[in-house]
Amino acid sequence: MNSGGIGVPLGFPLGPTSVIQVTNLSSAVTSEQMRTLFGFLGEIEELRLYPPDNAPLAFSSKVCYIKFREASSVGVAQHLTNTVFIDRALIVVPCAEVMQPTRTVVMCKTTFDHRENTALGKRPCLISFGS
């Protein structure tokens, strides 16, 4: 069942993960601002902000996925939950990750349709890190 990584169904306790999901982000936030804020907590391997900085449409909020080099940074990052950043209180939660040969797939509780650049609500999602 486990093929070389962590594949935890939602609703079960997470094993060690190095990925967080940050929600309730202001529509004005940028990738650089997120990298600066969370970079103090540990080395960031990868950061994805949706919709991206250059999205042609306006959105009321954004979501960010951050992969740290060390899983210990996830616990520290969770302490930023309810910290007001720009104009909203952040919500920081760990995400399960499934390691594949060329990428990391992240499972969280918010779905974002990358083709349409729209949030689809509270449903399981897969975000791919890497190539």
Side-chain angles (χ1 to χ4, degrees):
M1 185 165 151
N2 192 347
S3 60
I6 300 169
V8 181
L10 296 176
F12 290 91
L14 291 176
T17 181
S18 60
V19 179
I20 59 169
Q21 177 192 52
V22 186
T23 57
N24 200 35
L25 292 170
S26 169
S27 59
V29 76
T30 65
S31 297
E32 184 178 332
Q33 291 170 322
M34 295 301 292
R35 189 171 295 279
T36 300
L37 177 65
F38 285 92
F40 288 110
L41 308 178
E43 187 176 346
I44 294 174
E45 243 180 55
E46 192 161 357
L47 183 143
R48 300 274 176 106
L49 181 65
Y50 297 102
D53 294 335
N54 57 357
L57 301 173
F59 293 90
S60 61
S61 67
K62 293 185 177 184
V63 61
C64 186
Y65 297 91
I66 300 169
K67 182 175 183 180
F68 290 102
R69 185 164 306 279
E70 300 290 330
S72 61
S73 298
V74 170
V76 177
Q78 285 184 273
H79 289 287
L80 287 181
T81 294
N82 289 326
T83 299
V84 176
F85 187 62
I86 300 182
D87 63 350
R88 297 187 183 190
L90 302 178
I91 300 169
V92 182
V93 296
C95 290
E97 57 184 302
V98 179
M99 298 303 294
Q100 295 181 349
T102 60
R103 64 183 180 179
T104 301
V105 176
V106 178
M107 297 171 54
C108 299
K109 293 185 179 181
T110 301
T111 299
F112 188 85
D113 186 335
H114 310 287
R115 298 168 303 222
E116 302 294 328
N117 284 336
T118 58
L120 299 176
K122 298 252 179 191
R123 290 181 267 180
C125 69
L126 296 177
I127 302 296
S128 178
F129 284 93
S131 54

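Looking at Asp53, its side chain does come within 3.5 Å of a backbone N or O of Ser31 through a donor-acceptor pair. Formation of a donor-acceptor pair under 3.5 Å by the Ser18 side chain with backbone atoms of Lys67 is not found in this model.
Interatomic distance, CD of Glu45 versus CD of Glu70, reported as 9.0 Å (0.5 Å rounding). Summarising the geometry, atom CD belonging to Glu46 is positioned 11.0 Å from atom CZ belonging to Arg69; distances are rounded to the nearest 0.5 Å. The CE atom of Met34 lies 4.5 Å from the CD1 atom of Ile66; values are rounded to the nearest 0.5 Å. The line from CG of Asn54 to OG1 of Thr30 is 12.0 Å long, rounded to the nearest 0.5 Å. We find the CD1-OG distance between Ile86 and Ser27 to be 8.5 Å, quoted to the nearest 0.5 Å.
For the pair Val74 and Thr17, the tightest heavy-atom approach, listed with the atom from each and the gap, is CG2-O, 3.3 Å. When every heavy atom of Arg88 is checked against every heavy atom of Ser61, the shortest pair comes out as NH1-CB, 2.9 Å. For the residue pair Gln21 and Val63, the shortest heavy atom distance occurs at CG-CG2, 3.8 Å. The minimum heavy-atom distance linking Cys95 with Ile20 is given by the pair SG-C, 4.1 Å. Taking every heavy atom of both residues into account, Ala77 and Leu41 meet most closely at CA-CD1, 3.5 Å. Between Leu25 and Leu90, the closest heavy-atom pair is CD2-CD2, 3.3 Å.
For the pair Ile44/Phe68, a side-chain contact is recorded, criterion being any heavy-atom separation below 4.5 Å from C-beta on. For the pair Thr83/Leu37, no side-chain contact is recorded, criterion being any heavy-atom separation below 4.5 Å from C-beta on. Phe59 places none of its side-chain heavy atoms less than 4.5 Å from the side chain of Tyr50. The shortest side-chain heavy-atom distance between Val22 and Phe85 does not fall under the 4.5 Å cut-off.
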Please determine whether side chain to side chain contact (heavy atoms under 4.5 Å, CB included) holds for the pair Phe38 and Val92, giving the CA-CA distance in whole Å, both sets of side-chain angles, and the decisive distance to 0.1 Å. CA-CA 11 Å; Phe38 285 92; Val92 182; 4.1 Å; yes
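The number of heavy-atom neighbours closer than 6.0 Å to CD of Gln78, taken from other residues, nucleotides and ligands shown, is above 12. The environment of Asn82 atom CG is sparse: at most 12 non-hydrogen atoms of other residues, nucleotides or ligands sit within 6.0 angstrom.
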